[in-house]
Amino acid sequence: MTGGGNIFNWFASGIKNNNNQCNKTNWIFGTTKPEQGVNSDRHIKYYIQLWRVPDKNMAIRCANYADSTFWNSSHGYKKNRYIDYRISSATTTRNPNYCSKLVFQSFYYGSGSANVIEPAFAGLSFVSPAGIPNTFTEKYMPYKVGTF
């Protein structure tokens, strides 16, 4: 979820069809050569933190959930899910959505019956990017790989 535009729209009307998928180089550094029909602005100007959950299989499972829920229902290259960007007070609704909420939901719902996210956090009204690691159970607590 790229957000962008007038910050007022992040909370009020939202931004239609804002879910995008591009390779990591284009996401971080930006490109004027469209990928999936969208130009990518430079998103990382100073640094990026890389975090990983210790269970690689669970990470893959949750990533697959995110791909089929927020991009293409059959894991294809072409987009067939259209998600609006809006910061709203509910972490359980899938549309509209925003960047950190999408990550939270991918681990909460994508993990199936495994308690990856602390159950008490399911009803949060907002989840911030910096707060995501604190929502995990001890077994799946992400570790910081580094800052780049």
Side-chain angles (χ1 to χ4, degrees), residues 1-30 35-36 38 40-76 79-148:
M1 303 297 296
T2 54
N6 185 335
I7 196 168
F8 175 77
N9 291 338
W10 294 6
F11 300 92
S13 60
I15 304 168
K16 292 284 185 199
N17 189 21
N18 193 250
N19 55 320
N20 302 299
Q21 188 179 74
C22 56
N23 71 48
K24 66 183 175 188
T25 300
N26 289 348
W27 173 257
I28 292 171
F29 300 109
E35 182 175 0
Q36 293 283 344
V38 176
S40 179
D41 293 333
R42 182 182 175 120
H43 289 93
I44 310 301
K45 294 181 181 171
Y46 303 106
Y47 66 91
I48 184 171
Q49 291 184 1
L50 178 60
W51 293 74
R52 289 199 176 119
V53 293
D55 184 331
K56 183 178 181 179
N57 290 327
M58 182 58 74
I60 291 169
R61 181 178 178 176
C62 295
N64 283 330
Y65 171 87
D67 184 54
S68 67
T69 303
F70 302 113
W71 183 254
N72 182 296
S73 58
S74 60
H75 299 284
K79 176 179 178 173
N80 70 5
R81 303 280 193 183
Y82 303 92
I83 312 294
D84 299 338
Y85 183 97
R86 186 166 49 117
I87 297 177
S88 59
S89 61
T91 54
T92 55
T93 58
R94 292 183 180 92
N95 191 10
N97 218 312
Y98 55 90
C99 54
S100 50
K101 179 178 160 185
L102 185 149
V103 173
F104 175 86
Q105 288 180 340
S106 298
F107 282 100
Y108 183 77
Y109 294 114
S111 59
S113 61
N115 282 336
V116 173
I117 300 290
E118 289 284 354
F121 290 123
L124 287 175
S125 58
F126 176 79
V127 60
S128 71
I132 291 174
N134 300 321
T135 64
F136 284 76
T137 59
E138 185 177 344
K139 180 178 179 181
Y140 295 100
M141 183 68 66
Y143 61 93
K144 186 176 178 181
V145 175
T147 301
F148 305 94

Residues in salt bridge (Lys or Arg N to Asp or Glu O under 4.0 Å) contact with Asp67, at least two apart in sequence or another chain: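 By the salt bridge (Lys or Arg N to Asp or Glu O under 4.0 Å) rule, Asp67 matches no residue at all.
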
Minimum-distance pair of heavy atoms, taken over all atoms of [X] and [Y]:
| X | Y | value |
| --- | --- | --- |
| Ser113 | Arg61 | N-NH2, 4.5 Å |
| Cys62 | Gly110 | SG-C, 3.8 Å |
| Ser73 | Asn80 | N-OD1, 2.9 Å |
| Ile15 | Trp10 | CD1-CD1, 3.9 Å |

Counting only N and O atoms by type, is there a donor-acceptor contact under 3.5 Å from the side chain of [X] to the main-chain atoms of [Y]?
| X | Y | answer |
| --- | --- | --- |
| Gln21 | Phe70 | no |
| Asn115 | Thr137 | no |
| Lys101 | Ser88 | no |
| Asn97 | Arg94 | yes |
| Asn20 | Asn18 | yes |
| Thr91 | Ala122 | yes |

Ignoring hydrogens and angles, write down the donor-acceptor pairs under 3.5 Å from the side chains of residues 124-135, residues two or more places apart or on other chains.
{"residue": "Ser128", "atom": "OG", "partner": "Gly131", "partner atom": "N", "Å": "3.1"}
{"residue": "Thr135", "atom": "OG1", "partner": "Ile132", "partner atom": "O", "Å": "2.7"}

Heavy-atom side-chain proximity of Thr69 to Tyr109 below 4.5 angstrom: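 They are not in contact (no side-chain heavy atoms under 4.5 Å apart), so the answer is no.
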
Check whether any side-chain heavy atom of Ile83 sits under 4.5 Å from a side-chain heavy atom of Trp71, and report yes or no.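 Of all side-chain heavy-atom pairs linking Trp71 with Ile83, none is under 4.5 Å.
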
When the side chains of residues 138-148 are checked against the rest of the protein, which donor-acceptor pairs come out under 3.5 Å, sequence neighbours left out?
{"residue": "Lys144", "atom": "NZ", "partner": "Thr147", "partner atom": "OG1", "Å": "3.1"}

Euclidean distance, [Y] [atom2] relative to [X] [atom1], rounded to 0.5 Å:
| X | Y | atom1 | atom2 | value |
| --- | --- | --- | --- | --- |
| Asn19 | Lys79 | CG | NZ | 3.5 Å |
| Cys99 | Tyr85 | SG | OH | 5.0 Å |
| Phe136 | Glu118 | CZ | CD | 11.0 Å |
| Phe107 | Phe121 | CZ | CZ | 15.5 Å |

